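Worksheet: one structure, shown below.
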There are 2 protein chains.
Amino acid sequence: MYSSQLLKGTYQTVILKLLNENKRMYGYEISQRVKEESKGEIQLPEGSLYPILHKMTEEGFLKMEKVNIGRRVRRYYSITTAGTSEAVVRMEELERFMSTMKLLMQPNTGTA
Amino acid sequence: MYSSQLLKGTYQTVILKLLNENKRMYGYEISQRVKEESKGEIQLPEGSLYPILHKMTEEGFLKMEKVNIGRRVRRYYSITTAGTSEAVVRMEELERFMSTMKLLMQPNTGTA
DNA sequence: TGCAATATATCGCTATGCAATGTATTAACA
DNA sequence: TGTTAATACATTGCATAGCGATATATTGCA
C-alpha cells in the first residue's frame, strides 16, 4: 500500500472508470475489483468508498437502485450520461498527470 | 494545470528529488525549476511551497542556510542524509503507484 | 454455536493544499 | 524620477479528502 496521500483524487477516477465499463456494481463489489485489478496494491477502505459513492450520486454522476437479494438490500450503482463525460475527463487528466510526473522524475543531474 | 487533488502528496517527492540532484536551491528557484521541467503543467504555489520547506527542515530531511545576496537574505536548502534516504523511498513509491494506476486505467470491458 | 465473509454506514480526526495577503528588494523602463 | 514587474519569503484561514474506528445485519460454513 502507498502512503495514501498519493491516492488522493484518484479514487473517484477509478470508480468512474469501473462503472463506465460495467452496467452496474455495488460498493463491496467495487472494492473487491479494485483490490483484484491492482493486485492487492490498492484497498479502498469503506470509510472512503461509501462517502464517495454517495457524493458522486448527489452530484449526478452515478445513480443508485436498491435490489433485494434474499433478505438483504443491495445498492447497485450505475453511471449517468454526466458521469460518462466526467469519466473521460478524469481519465485523460490522470494520464496527463502521470506523463508530467514521469518527466519530473527523470534523473537530471547537471543538465542545467 | 491539474485538478490539484492529484498533486497531493507529490510535492514533497518532487522537492526531495530536485534537492537530491542539486547541492542547494532556494524556494523561488525550486518553484521555477518545477514549472520549467513540467513544461508549465505544475506551478508550485508559495502557499504550498514554503510551508513544505519549513516542515521538511523540521523533520530533518532538509537543512537551511541563510546567504546574503546584496541586501537580501536568501534561504538555501540542501538535503540531509535522512533526506536522501527519504527521497529514494518516495521516488520508488511514486513509481510503483504510477505502475498500479496505469494497470487500473487499462481498458477492461468484459474481461471478467 | 461461532467465526469469517458479505454489505452498508457514519463520526471525527488528520493531512494537505492553497488563495489571499503582506512585506521588502531589485531591475527595467518610460 | 516614478512605476511596474520580477524576485523572494512568509503566514492565516479555509476547504477537501481520506480513513480508522466503530456499528449493524445477513449469509455461509465448520
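Proteins get letters first, then strands, A, B, ... in listed order; numbering begins at 1 in each. Please read all numbers here as calculations on a predicted model, not as lab measurements.
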Completion exercise
Applying side chain to side chain donor-acceptor pair (under 3.5 Å) to Gln12(A) and not counting sequence neighbours gives Arg90(A)

Exercise for the section: By nearest nucleotide on DNA chain D, pick out whichever of Gly70(A) and Thr10(A) is the more 5' one. Expected result: Thr10(A)

Exercise for the section: Before giving the answer on side-chain contact (heavy atoms from CB on, under 4.5 Å), spell out for Leu44(A) and Lys35(A) the whole-Å C-alpha distance, their side-chain angles and the decisive distance to 0.1 Å. Expected result: CA-CA 7 Å; Leu44(A) 232 169; Lys35(A) 190 178 167 184; over 6 Å; no

Practice task
Quickly work out the Lys8(A) NZ to dC18(C) C1' distance and round it to whole Å.
Solution key: 14 Å

Fill in the blank from the handout: Sorted by number, residues from residues 24-32 of chain A placing a heavy atom under 4.0 Å from DNA chain D are none

Exercise for the section: Return the value, rounded to whole Å, for the distance between atom OH of Tyr50(A) and atom P of dA21(D). Expected result: 18 Å

Donor-acceptor contacts, no H, no angles, side chain residues 46-59 of chain A, under 3.5 Å, sequence neighbours left out:
unit_1	atom_1	unit_2	atom_2	d
His54(A)	ND1	Tyr50(A)	O	3.4
Thr57(A)	OG1	Leu53(A)	O	2.6

Exercise for the section: Identify, with sequence neighbours excluded, every residue that meets salt bridge (charged side-chain N to carboxylate O under 4.0 Å, His left out) alongside Lys8(B). Expected result: none

Exercise for the section: Report the residues that fulfil side chain to side chain contact (heavy atoms under 4.5 Å, CB included) with Glu92(A), sequence neighbours left out, ordered by chain and then residue number. Expected result: Val88(A)

Fill in the blank from the handout: Looking only at heavy atoms, the pair that brings Tyr11(B) and Pro45(B) closest together is OH-CD, 4.0 Å

Anything under 3.5 Å between a protein N or O and an N or O of nucleotides 19-24 of chain C, put it in a table, one pair a line.
none

Fill in the blank from the handout: Between CZ of Arg75(A) and C1' of dA7(C) the distance, given in whole Å, is 10 Å

Practice task
Name all pairs fulfilling the salt bridge (charged side-chain N to carboxylate O under 4.0 Å, His left out) condition that reach into residues 66-79 of chain B, sequence neighbours left out, sorted by first residue then second.
Solution key: none

Handout entry: For Arg24(B), all residues meeting salt bridge (charged side-chain N to carboxylate O under 4.0 Å, His left out), sequence neighbours excluded
Key = Glu65(B)

Exercise for the section: Check DNA chain C against residues 53-63 of chain B and give the residues with a non-hydrogen atom under 4.0 Å, in numerical order. Expected result: Lys55(B)

Practice task
Round to a whole Å and report the spacing from CZ of Arg33(A) to P of dT6(C).
Solution key: 15 Å

Problem - Whole angstrom value for the distance that separates P of dA25(D) from CG of Asn68(A) - result: 17 Å

Practice task
Report the distance from atom CG of Leu49(A) to atom P of dA9(C), rounded to the nearest whole Å.
Solution key: 9 Å

Exercise for the section: Kindly state each residue pair satisfying ring-ring contact (aromatic ring centres under 6.0 Å, His included) with at least one member in residues 74-105 of chain A, sequence neighbours excluded. Expected result: Tyr26(A)-Tyr76(A), Phe97(A)-Tyr2(B)

Practice task
Mind checking Ile52(A) for me? I need base, sugar-phosphate or nothing, with any heavy atom below 4.0 Å counting as a touch.
Solution key: sugar-phosphate

Handout entry: ring pair (Phe, Tyr, Trp, His ring centres under 6.0 Å) partners for Tyr28(A), two or more places apart
Key = none

Practice task
Could you state the atom-to-atom distance from CG of Leu44(A) to P of dC19(D) in whole Å?
Solution key: 8 Å

Handout entry: side chain to side chain contact (heavy atoms under 4.5 Å, CB included) involving Met105(A) - partner list, sequence neighbours excluded
Key = Met101(A), Thr13(B), Val14(B), Lys17(B), Met91(B), Leu94(B), Glu95(B)

Problem - Toward the 5' end of DNA chain D, by each residue's nearest nucleotide, Arg71(A) or Gln12(A) - result: Gln12(A)

Exercise for the section: Using whole Å, report how far CG of Leu6(A) lies from C1' of dC19(D). Expected result: 15 Å

